[in-house]
Every structure is written in structure tokens, then in C-alpha cells.
J.: 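Can you read through this structure? Questions will come right after.
Numbered from 1 within each chain, the chains take letters A, B, ... in sequence-line order. Excluded from the calculations below are hydrogen atoms, water molecules and symmetry mates; all remaining heavy atoms, backbone and side chain alike, are included. Every value quoted in this text rests on a predicted model; they were computed, and no experiment measured them.
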2 protein chains.
Amino acid sequence: MKGVAQRRATIVDVAKQANVSKSTVARVLEGKINVSDDARARVLKAVAALGYERNRLAVGMRSGRTGLLAIVIPDITNPFWAEVTRGAQDQAIKKGFSLLVFSSDWDVAKEAAHLQAIRQARVDGAIINPVADNFDSIDFFGMPLVFLGSSAERFPEISSVGSDIKQGVNLGLQAFAERGHALPSLIMGPRSRLARIRFLRAVTDYCIARDMDPELVTIEDADYTVEGGFQAMSRLLELNARKEKHRAVFAANDLMALGAMMAVRKAGLRCNEDVSILGFDGIPAGMFSMPGLTTIKKPSRQIGETAMVCLLDEIEGHSEHGRIHLPCQLIERDSVADLYRQNEINR
Amino acid sequence: MKGVAQRRATIVDVAKQANVSKSTVARVLEGKINVSDDARARVLKAVAALGYERNRLAVGMRSGRTGLLAIVIPDITNPFWAEVTRGAQDQAIKKGFSLLVFSSDWDVAKEAAHLQAIRQARVDGAIINPVADNFDSIDFFGMPLVFLGSSAERFPEISSVGSDIKQGVNLGLQAFAERGHALPSLIMGPRSRLARIRFLRAVTDYCIARDMDPELVTIEDADYTVEGGFQAMSRLLELNARKEKHRAVFAANDLMALGAMMAVRKAGLRCNEDVSILGFDGIPAGMFSMPGLTTIKKPSRQIGETAMVCLLDEIEGHSEHGRIHLPCQLIERDSVADLYRQNEINR
DNA sequence: ATGAAAGCGCTAACAG
DNA sequence: CTGTTAGCGCTTTCAT
């Protein structure tokens, strides 16, 4: 029987076989209660016998609900976004929805194309990490939407889920302080990204709250890549080699932190002993580096799960959730030295 | 206008506005040629004016083509599968299809549920890395299918795409030989997986072709995880510590190779100098390990792209492609020592 | 080149 | 509790 194209059973076939009307079959399928046990049993039997499977297109056509959801992220190949997607996926499946996945590559044109596909597919809702500055020209016809990440802040009317950057930065800065380090130097992403602005604001707030001068912290620009982190760290090292400065470095993501570690090694210095490096993201690769990368982990999977739960809520007509910021977490490995303990040991 | 739920324009609205019939609008939308330039222009204008967007549900209902495709992989969070998915995604988008993504977690029940969702969504085709041993009970109604990976071999009637494990293993074994190593010890995945059998068969063939005894190679079982690789390597080390044995190790995936590297370090030995380790996969994390992981890279993205191209071909009614095995590639980093060059240097 | 009519499979609204 | 009817938006077929 496999692979043979034969006509699929419809609700009418089931109705005929079970000796009831289409409506009754539909009621059973929908799980409605107002059906006699007898009729239900006959319908179920017919469904099994015919191998009937509901045509969700037809359902969607009539009811307006397709059982389809969509997620638009920059790149499914990026471990962070893969985790987010997985979280969303699991929640969607659990509720009987299927998930369309799109990668925008931070490209406005691609994003626009994906949004069109999403609207044409008549999905019941979508989770989006927006790259365009605005969607004024786009009418979503009231389609439930949840935005992801810092860039979502540009859209005040749409609920969003992301990590709590301010809290994560505080965690990192405190980690340095508690281990006896001065304020770290910073390796940041591109100036255009909203996440950078949030990061720096958190640093400033931290300094001010402790009567430190935020102007004193050195900032190197990079681009979220390993190579960029490598070069930024190299510049830091040249800036003030062996002068006891830049012995603590906080990178805005793990890839740059890993690149920075390579630069330290290249310069003949050792990470931890000579320079302490802290990352931000929590990607698996940090486990394998030498030394292991100490980092601030974003709750990636939980972000996806939460976004999906919000979306599902909005689809069911519950009120909107507003802005949700999930807490980050310190993962301690070996790239940040504990100066206090070292001193104790030396004594 | 944003967020306001207003009725979406239909083909009838467009027809009215353009002063033509539904049929003519449909013809323009389909890109048919038998439409006067005048009519086409009016339709296009009306489409733009009304912000009309085709309802793919209705199209699918009538024409049988939904523009939806599906992919079922074990876990989108696994970098290998994320790459495969991305490859498939790009090709699908290019042809105007949207992609439903499912993670099966190597779980037969989950897989079955996903396949049901796929059939209910009336997708035009699907790419599947099968986990169940057979789908005899499932009738796909002639839905175009392409299978992924070694496990696809269980389904002779369905075309499949995967990496060429035999060629990859040969590449690895040759790499060891060319650098002056004896036959490596092996860290393998679970005995149940078809990929393991293929791997070992390739090793046996290699040995026989060179008059070596395949029985001489040591095999440690593991489970494709870092921890499993760590333990397997530890056993290897105990087996014959410092007796010049197991100085070359070939792991069946990168994660186990990375775990093995950790075990070597833990034992006070050094990777490359004391033990050479070769991985299989080509995951990004291998770039950051210390030393960098030398590995056999599977063409993950290309596998996804190729599978999707095959699927699209089958959807368009072209003949089936049969079994496709894409070649692997050696990525040389620093975890495999070149014994010949070392000797030269020492002289 | 264009239009009219039928109908894909289902659910919603109503009637009984 | 159950059946009848109408119609979602589109493509297809047939006629003109």
C-alpha cells in the first residue's frame, strides 16, 4: 500500500461508514460533548477503519484557525537561536500546532519576504526577532505576534520576550569584583545594535551606583565574531602591554570572548593567569576551550518557550503580556581568575 | 492601521476593483500568458491598491499544492542538524515554499506524531531522518519523500541523501597513516546505530585492502556524548598506559573526540604530543578546543540543500534520485601529530 | 482572451 | 443529540 496515491478519506466517507451526518463526525473530531456515546463510538471506529486524517487546510478555510505558527530568527545555525527555536517548537507541538521556521540573516529584504509568506499561509500567530526598524507599511490584520530580543523595544505595542541584559551585565561586573578584579575592559558589538546600548547603559548604571567613573572603562568595538574578538583583544594588549591594565575583559558575546582568548595566547600570555575573560551567551563551545570559558548564560531555550506560551495565550484571546525579561546566569569555568584565592594560596 | 483586524481582500475584491472576473485574476496571479496586457495591468494595480495577498489555504484546497514542506530531524539544537535544516530551508524558500520543522529526539512516538501533523497539513513533500524501523502502517498517499542519513538504507524504495561515511573513514585512516601513525583505536557510537556499522565496515575494508588485520584495532563503545568520549578515552589510557599504544584515536563524532581530549589532559598527557585524536563531524566547537580538533567534516549544509533539491524534483514529477552520498573532507588543525615532521625536526 | 459555474473538505449556524 | 444548509477563497473546466 505504501507510496500508492489513492484518494484520502474525507469526513463524508467517515459519516457514511458510521451512518451519521458530517456534522456529527465534525463534533466528534472537535471533541465536543454533545454527541451520544454510541454515535461517537461508530465514528471513531470508522475513522480508524478508513485511516481518516483531518484536512487542516479545509479546517483553516472554514474556521480561520490553521494550526500553523511561524518563527523568524536571524539564523537557525546559530546555537543561541537554535535553542530559542527548540523551546518555541516544543511548546507549539504540545498544543497541537506546527511551526514554520524562517532565517532572516539580519536582512530586511529576506525578512519582508518571510513575513509575506507567513501572511499568505494564514498562520495563527508568529514569533519574530525583528530586523527592520518598522513595519508601518505592513498590516498584520491583527495576527497575534510576539517579538524577541532587544530590537523588539522599537515596537511598544507588541509584547516581547528577551533576556535581562542589565541583570546579566551586573552579574558579570559583580563576578569580577568578587574575584578581586578592577572594572573590566569591554569588547562590544556594533554601535547600531540596541543590545549594545543596553549593555553599556547597564555598565554606566553599575559604576554610578558605586561611585566609580564610567568614563574610565575602555571599550573596544567588534562585530560579534571570533575574528573581531581576536583583533579587539590584540588592540587592548598593545594599548598597555603588561602594565597591569586590561587584565580583566568582558566580551558582549561568547564568540568574541573565545577570539579574545586566542589573542591572549598568541601574545604569549595566559588566560586566567595573565588575563581574565568573561563571555556573554553561554554557547556550548565555551565548554571545550582551554581554559573553559566563564560566561553569563542567557536562558535561550526558556526565551523560546516563554515567547510561545505568550503567543498561544494571545491566540486564545488572553490579554497581552507586555515586556518580559528573563534572568541570566553566571556559568563559572576557568577563564576568570579568583585573585583573592590566589593570594591566599601564595601566602 | 497596524494591528487592526479588518477583512482581508479576496480575489473577488480584486476582480471587482479591476473590472474583470475571478478567473482572470487567478490567471494573472498564476502567471499564465493568456491574459491581455490591459487586464493584467488593471489586476496588478488592484492587487497593490487593496494590499491583496493570496490565501494559500484556499489555493491548496483547490489545487492540491499547499506550498508547505516539512523536515523531521532529531534535534534542531544539534549544530549538524541545524546546518542540514538551513540548507534545506534556503532551497525551499528560493522556490517559494515554506518549511515546517520538527524535532524527533530519536523518539519513535514523537516521530509518529510529527508525521501525522505533516499528513494533516497536506504538505507537498517532506525530508525525514527516520528513527522508526519501518513505516508499513503508514500510508503517505504518494507524498514525495526524501530520507536523510544511514538509517534511510532501511527504506530501499525511497531516495535518500547522506554523507559518504566510507570515504570519510578512509580519509581519516589515511590521515593517520600519512602522518606516521599506526592504525588508530576507535571510539564508536551505540551498537544499534546503522552509522556505526557502516563506520566499522569501512575500517575493515581499509585493513583488508592493505593486508592488515582488522581484529587488531581496539574499539571502545560510547554514546556520541562528550562524557561518553571522556570515559572511553580513560579506559583506553588505563588499558595500556604509556606503552606506546592508543597514541592514535579516531572518534565517531566530534563531541566524543572533545571528551577524549579532556580525558587525555586529565591523565596528565598532552593531546598531539602524547596522543593524537581525530574527530568526525566538523562542528564549530572543534575550532576553539586546545589544541584545535583535527576532524573529518561532513558536508552538512550541502546534505540539506541536496535533499531539498531532490524533493523539489520529485514534487515536480521528475524521476527519483536514488541514494546520494556526499563526500567528507579533512579539516586539519592540531590534534593529530605529524610524526614524520617531528622526527625531521628532532634530527 | 474572458466569464460562469462547480466544488475542494470542512465548520458554523440553524432547525428540528 | 443530530441533520441540513451555506459558504470559506480559490482553481478548474467548460463555454463563449
J.: Keeping the roles fixed (side chain from A:Asp13, backbone from A:Thr10), state whether a donor-acceptor pair exists under 3.5 Å.
T.: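 Confirmed, A:Asp13 side chain pairs with A:Thr10 backbone.
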J.: For nucleotides 2-5 of chain D, give me every protein contact, N/O to N/O, under 3.5 Å, one pair per line with atom names.
T.:
{"unit_1": "D:dT2", "atom_1": "OP1", "unit_2": "A:Ser36", "atom_2": "OG", "d": "2.6"}
{"unit_1": "D:dT2", "atom_1": "OP2", "unit_2": "A:Ser36", "atom_2": "N", "d": "2.7"}
{"unit_1": "D:dT2", "atom_1": "OP2", "unit_2": "A:Ser36", "atom_2": "OG", "d": "3.2"}
{"unit_1": "D:dG3", "atom_1": "OP2", "unit_2": "A:Ser21", "atom_2": "N", "d": "2.8"}
{"unit_1": "D:dG3", "atom_1": "OP2", "unit_2": "A:Ser21", "atom_2": "OG", "d": "3.2"}
{"unit_1": "D:dG3", "atom_1": "OP2", "unit_2": "A:Thr24", "atom_2": "OG1", "d": "2.9"}
{"unit_1": "D:dG3", "atom_1": "N7", "unit_2": "A:Arg27", "atom_2": "NH2", "d": "2.8"}
{"unit_1": "D:dG3", "atom_1": "O6", "unit_2": "A:Arg27", "atom_2": "NH1", "d": "3.4"}
{"unit_1": "D:dT4", "atom_1": "O4", "unit_2": "A:Ser23", "atom_2": "OG", "d": "2.5"}

J.: C:dA12 phosphate, OP1 or OP2: any side-chain N/O from A:Arg65 under 4.0 angstrom?
T.: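 Yes, because at least one side-chain N or O of A:Arg65 sits under 4.0 Å from OP1 or OP2 of C:dA12.
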J.: Side chains of residues 65-74 of chain B: which donor-acceptor pairs under 3.5 Å do they make with residues two or more places apart or in other chains?
T.:
{"unit_1": "B:Thr66", "atom_1": "OG1", "unit_2": "B:Leu68", "atom_2": "N", "d": "3.2"}
{"unit_1": "B:Thr66", "atom_1": "OG1", "unit_2": "B:Arg122", "atom_2": "O", "d": "3.0"}
{"unit_1": "B:Thr66", "atom_1": "OG1", "unit_2": "B:Asp124", "atom_2": "OD1", "d": "3.3"}

J.: Roughly how many Å is it from CG in A:Leu29 to P in C:dG9, rounded to a whole number?
T.: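 It is 15 Å, rounded to the nearest whole Å.
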J.: Salt-bridge test for A:Glu153 and A:Arg323: reply yes if a basic N is under 4.0 Å from a carboxylate O, no otherwise.
T.: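 A salt bridge is absent here (no side-chain N lies under 4.0 Å from a carboxylate O).
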J.: Examine distances only and state if a side-chain atom of B:Thr24 and a backbone atom of B:Val20 form a donor-acceptor pair shorter than 3.5 Å.
T.: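 No; zero donor-acceptor contacts below 3.5 Å.
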J.: Could you tell me how far apart A:Met61 (CE) and C:dC10 (C1') are, to the nearest whole angstrom?
T.: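 It works out to 10 Å between those atoms.
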J.: Consider the side chain of A:Val59, meaning its heavy atoms from C-beta on, and name the nucleotide among D:dT12, C:dG9, C:dT11 that approaches it most closely.
T.: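 Within the option list, the nearest is C:dT11.
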J.: Report, one line per pair, each donor and acceptor closer than 3.5 Å where one atom sits in a side chain of residues 302-318 of chain A; sequence neighbours left out.
T.:
{"unit_1": "A:Thr306", "atom_1": "OG1", "unit_2": "A:Gln302", "atom_2": "O", "d": "2.7"}
{"unit_1": "A:Asp313", "atom_1": "OD2", "unit_2": "A:His321", "atom_2": "NE2", "d": "3.0"}
{"unit_1": "A:Glu314", "atom_1": "OE2", "unit_2": "A:Ser159", "atom_2": "OG", "d": "2.5"}

J.: Report the distance from atom CG of B:Asp13 to atom C1' of D:dC8, rounded to the nearest whole Å.
T.: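 It works out to 13 Å between those atoms.
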J.: Do the side chain of A:Asp107 and the main chain of A:Ala109 share a donor and acceptor less than 3.5 angstrom apart?
T.: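 The answer is yes, because a donor-acceptor pair under 3.5 Å joins these two groups.
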J.: Can you measure B:Arg42 atom CZ to C:dA1 atom C1' for me and round it to whole angstrom units?
T.: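 Answer to the nearest Å: 12 Å.
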J.: For the atom pair OG (A:Ser160) and CD1 (A:Ile127), what is the distance rounded to the nearest 0.5 Å?
T.: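 The CD1 atom of A:Ile127 is 12.0 Å from OG of A:Ser160, to the nearest 0.5 Å.
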J.: Nearest whole Å is fine: how far is D:dG9 C1' from B:Tyr52 OH?
T.: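 That distance rounds to 7 Å.
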J.: Tell me: CD of A:Glu30 to P of D:dC1, nearest whole Å?
T.: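 One finds 17 Å between P of D:dC1 and CD of A:Glu30, rounded.
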J.: In whole angstrom, what separates B:Leu57's CG from C:dG9's C1'?
T.: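 Checked: the CG to C1' distance equals 12 Å.
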J.: Can you tell me how far C1' of C:dC10 sits from CZ of B:Arg62, to the nearest Å?
T.: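 So the two atoms are 15 Å apart, to the nearest Å.
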J.: Look at the side-chain N and O atoms of B:Arg8 and state whether any lies under 4.0 Å from the OP1 or OP2 oxygen of D:dC10.
T.: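 It does not, given that no N or O in the side chain of B:Arg8 lies less than 4.0 Å from OP1 or OP2 of D:dC10.
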